[in-house]
Amino acid sequence: MPRMALWLLLVWLIPLGFNPVSRWHFEPDKAAFLLLLAGLLAGGGVALPRRAVRWPLALYTLAAALATAFSVAPAVSVWGAPGWRFGLLTWLALALTFLAAAGQLRRAGARRRVIDALLVGSAPACAYAALQAAGLDPLLLLGDNLPRVYATFGHANFFAAYLAMVAPLTLARAISARSRRARLLWSALLAAQAASVALTLSRSGWLAMAAALGMVALAWAWRAGRRRLVVALLMGAAAVAALLLVLSAGPPLPGSAPHLLQTLTAVFRTDSPTVQIRFLGWEAAGRMIADRPLLGFGPGTYGLALDAYYPPGLAPYGGAKALGGHPHNLPLEVGAAVGLPGAAAYFWLVGAVLWGMWRGARGRRGLSVAQVAVLAAGVAGLVTSLLEFETVGASMVFWLLAGMSEAGEARRVRVPRAAGAALGAAGAVCALAIVTPDILGGLAERAPPTQAIALAAWADRTSPTPGDYGAALGLYHAEAGQWVEGEAVLRALATSPPAVAHAARWRALGDFYIRQAWNDAGARASAFAAAAAAYGEAIARAPTNPDLWLDRGMAYLELGEHQAARADFVRAAALAPDYARAVGAMGEYHLAVGDRATAQAAFARADALREAWALFLWRR
């Protein structure tokens, strides 16, 4: 395949690619595309970047490899967690993309063609977002129509981060267009990108796009010698920022208000649900770094390690699922993954790359608007990373542009044909290893229980990170009424490596026993007792999770062990005092011991807390 065709596939497949029949639909498939294409691209030649970039690149890669070798879950660190697949292999693919871009996109015409393809590739994503906004999404991969569009990215924030990086490049193209028709086309694309970002309701995306477009507009005005316009743009930006600060300091709009208006009046609000979730995730990440400052827990393991550092305040937001396995702050996530020395190397690398972009923007002939747009894209990626986490789509754009920026000063290295073939084959094998179990797991979700059991077992055997589908397999056994088989699967899962995942796995076993208790009358008492024991194992590994205490307490209550249940409910309430579930559980205790008046008061308080919490969560 011609080399340019591979670059075009890279900038089209990764943003637009997803798999409707797979288990996770989005990120793992994008990671598979990246691994496949990066291996093929690297076979065409790479380049060694400037020494200022070469050293931190080598040091961070070494730190990531060491952190993987000493990870709490080495397989996960190599491949990434199953829903994301952002581990050591993904980083190596990004590094190869960076080096290949530096080696192969040395001519301005080639760089321009790839960037134009990148921008044109955003148009179908924006069109799909428009369908979602209109309630016409034909696939509904994430369930019902959501108030936020996510296009082909799986989450609104991921889509916004990607568009925030391509928008400044689109603006630069519109400015430099030589014909009126081309200027109108690029401007229309920019309008579609801006509208799509607005519909994501992503505050980090809004801020990143505004900063990036502002940088390009200022560069254009400065280059054109329009100093008054530069001052006006700066004053306008300051006025808008001040207005948003004032709006954010005021009382929040009711949950019934339009989401777009809620988001606009809460850009800098710190007491919103999404910000509070991030604070809790940052708190856990900080404690992880303090415990393992040198090598970290390993790439991709934050979601696994979270149980041992669980912030109790996370429970009302839906627990660990609210974070999605990430702290939503790239510096903290990198520190927790590879330790402080590795994090220092990573941000040395990012800083060196951005400095190279700035040097290219200054140029010998004065400020270059096109190069400022590349720098602005990098800055947009940095802004979103402070409130989000790395995704394949946005990371690909960043490291592709970084490689292009290095192309002028990088020393090209020829890759032997055999080595190139080996890289391509390795990428294909890795891509297949990711996609195969993901598709099997997706098919299992749509199949009858007996077929689902076979498909999930197959997916679990083929997954590069063992145990990914064990919980689902136990659930399918339960749906088929195969209690003995399901128990064997989940118990084996709860006692197999990695130990850092045991809390969640013991809880899954406890949930299985609860289900058995309600569906198998003959095993009711023994199943509740087994559930209490399983929840106890989970509590021993995650003692700050109030939901685990509540789970065990409810099992004790069903067994008639009222004082044991009360003790667990009291402990849960101490961890999360205004948690509606904890208050309602205490009402169940009082009802069980015959104190109906106290029980009714507790139920009334729990209902009031749920109503207030629902209104709070609905606010932007």
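No close placement of the W24 and F18 rings is indicated, their centers lying 6.0 Å or farther apart. The six-membered or imidazole ring of Y150 lies away from that of F159, with a centre-to-centre distance of 6.0 Å or more.
Salt bridge E537/R507: absent, no basic N to carboxylate O contact under 4.0 Å. Taking 4.0 Å as the cut-off between side-chain N and carboxylate O, R581 and D551 count as a salt-bridged pair. Classification of D568 and R571 as a salt-bridged pair fails, no side-chain N sitting under 4.0 Å from a carboxylate O. The residues R278 and E388 are annotated as salt-bridged, a charged nitrogen and a carboxylate oxygen being separated by less than 4.0 angstrom. Under 4.0 Å is where a charged nitrogen must lie from a carboxylate oxygen, and between K321 and D547 no such pair does. Ion pairing of D438 with R23 is absent here, as no side-chain N (NZ or NE/NH1/NH2) approaches a carboxylate O to less than 4.0 Å.
Rounding to the nearest 0.5 Å gives a distance of 13.5 Å between CE of M554 and OH of Y589. Distance CZ/F26 to OG1/T391: 12.5 Å, rounded to 0.5 Å. In this structure, CZ on R610 lies 9.0 Å from CZ on F603, to the nearest 0.5 angstrom. A distance of 11.5 Å separates CG in D29 from OG1 in T152, rounded to the nearest 0.5 Å. A distance of 4.0 Å separates CG of L201 from OG1 of T263, quoted to the nearest 0.5 Å. Taking OG of S22 as the reference point, atom CD1 of I439 lies at 7.0 Å (rounded to 0.5 Å).
Residue A75 comes nearest to P464 through the heavy atom pair CB-O, 3.9 Å, listed as atom of the first residue, atom of the second, then distance. Scanning all heavy atoms of the two residues, the minimum distance from L473 to A456 falls at CD1-CB, 4.0 Å. Taking all atoms of both residues into account, the shortest heavy-atom contact from Y310 to G319 is OH-CA, 3.1 Å. Closest approach of L163 to C126, counting heavy atoms only: CD2-SG, 4.1 Å. Taking all atoms of both residues into account, the shortest heavy-atom contact from E27 to V392 is OE1-N, 3.1 Å.
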Report task. Decide yes or no on side-chain contact (heavy atoms from CB on, under 4.5 Å) for Y535 and W506, but give the supporting numbers first. Result -> CA-CA 6 Å; Y535 290 138; W506 278 109; over 6 Å; no

Report task. In sequence, state the C-alpha distance, the side-chain angles, and the governing distance for S272 and R203, and then conclude on side-chain hydrogen bond (donor to acceptor under 3.5 Å, both in side chains). Result -> CA-CA 12 Å; S272 67; R203 283 171 286 191; 3.3 Å; yes

Report task. Just do the side-chain contact (heavy atoms from CB on, under 4.5 Å) check on H328 and E333 with the steps written out, would you? Result -> CA-CA 8 Å; H328 294 259; E333 182 157 20; over 6 Å; no

Report task. Dump the intermediate steps for side-chain contact (heavy atoms from CB on, under 4.5 Å) on R515 and D520, then the final yes or no. Result -> CA-CA 8 Å; R515 184 167 185 157; D520 185 358; over 6 Å; no

Query raised in the report: Do R85 and T465 pass the side-chain hydrogen bond (donor to acceptor under 3.5 Å, both in side chains) test, and can you show the C-alpha distance, the side-chain angles, and the key distance before you say yes or no?
Result: CA-CA 10 Å; R85 294 305 183 199; T465 46; 3.1 Å; yes

Query raised in the report: Can you list the steps and then say if R505 with T495 is a side-chain hydrogen bond (donor to acceptor under 3.5 Å, both in side chains)?
Result: CA-CA 8 Å; R505 293 176 176 183; T495 55; over 6 Å; no

Report task. Assess whether side-chain contact (heavy atoms from CB on, under 4.5 Å) is satisfied between L264 and L244, documenting all intermediate values. Result -> CA-CA 7 Å; L264 187 64; L244 292 176; 4.1 Å; yes

Query raised in the report: How far apart are the C-alpha atoms of Y513 and E487, what are their side-chain angles, what is the distance that settles it, and do they pass the side-chain hydrogen bond (donor to acceptor under 3.5 Å, both in side chains) test?
Result: CA-CA 8 Å; Y513 285 130; E487 178 186 15; 2.5 Å; yes

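Legend: residues meeting ring-ring contact (aromatic ring centres under 6.0 Å, His included) with W84, ordered by chain and number and at least two apart, are F158, H326, F389. In terms of the ring-ring contact (aromatic ring centres under 6.0 Å, His included) criterion, residue partners of Y309 (sequence neighbours excluded) are, by chain and number, F297. Applying the ring-ring contact (aromatic ring centres under 6.0 Å, His included) criterion to W483, with sequence neighbours excluded, gives F512.
You'll find the side chain of V500 stays beyond 4.5 Å of the side chain of D307, heavy atoms only. The closest side-chain heavy-atom distance from L304 to V72 is not below 4.5 Å. In this structure the side chain of W79 never reaches within 4.5 angstrom of the side chain of P28, judged on heavy atoms. By the 4.5 Å heavy-atom criterion applied to side chains, S204 and L386 are not counted as neighbours.
The local environment of CD in E445 is crowded, with over 12 non-hydrogen atoms from other residues, nucleotides or ligands closer than 6.0 Å. The number of heavy-atom neighbours closer than 6.0 Å to CZ of R287, taken from other residues, nucleotides and ligands shown, is above 12.
In this structure, K30 forms no cation-pi arrangement with F86, as its terminal cationic atom is not both closer than 6.0 Å to the ring centre and no more than 45° off the ring axis.
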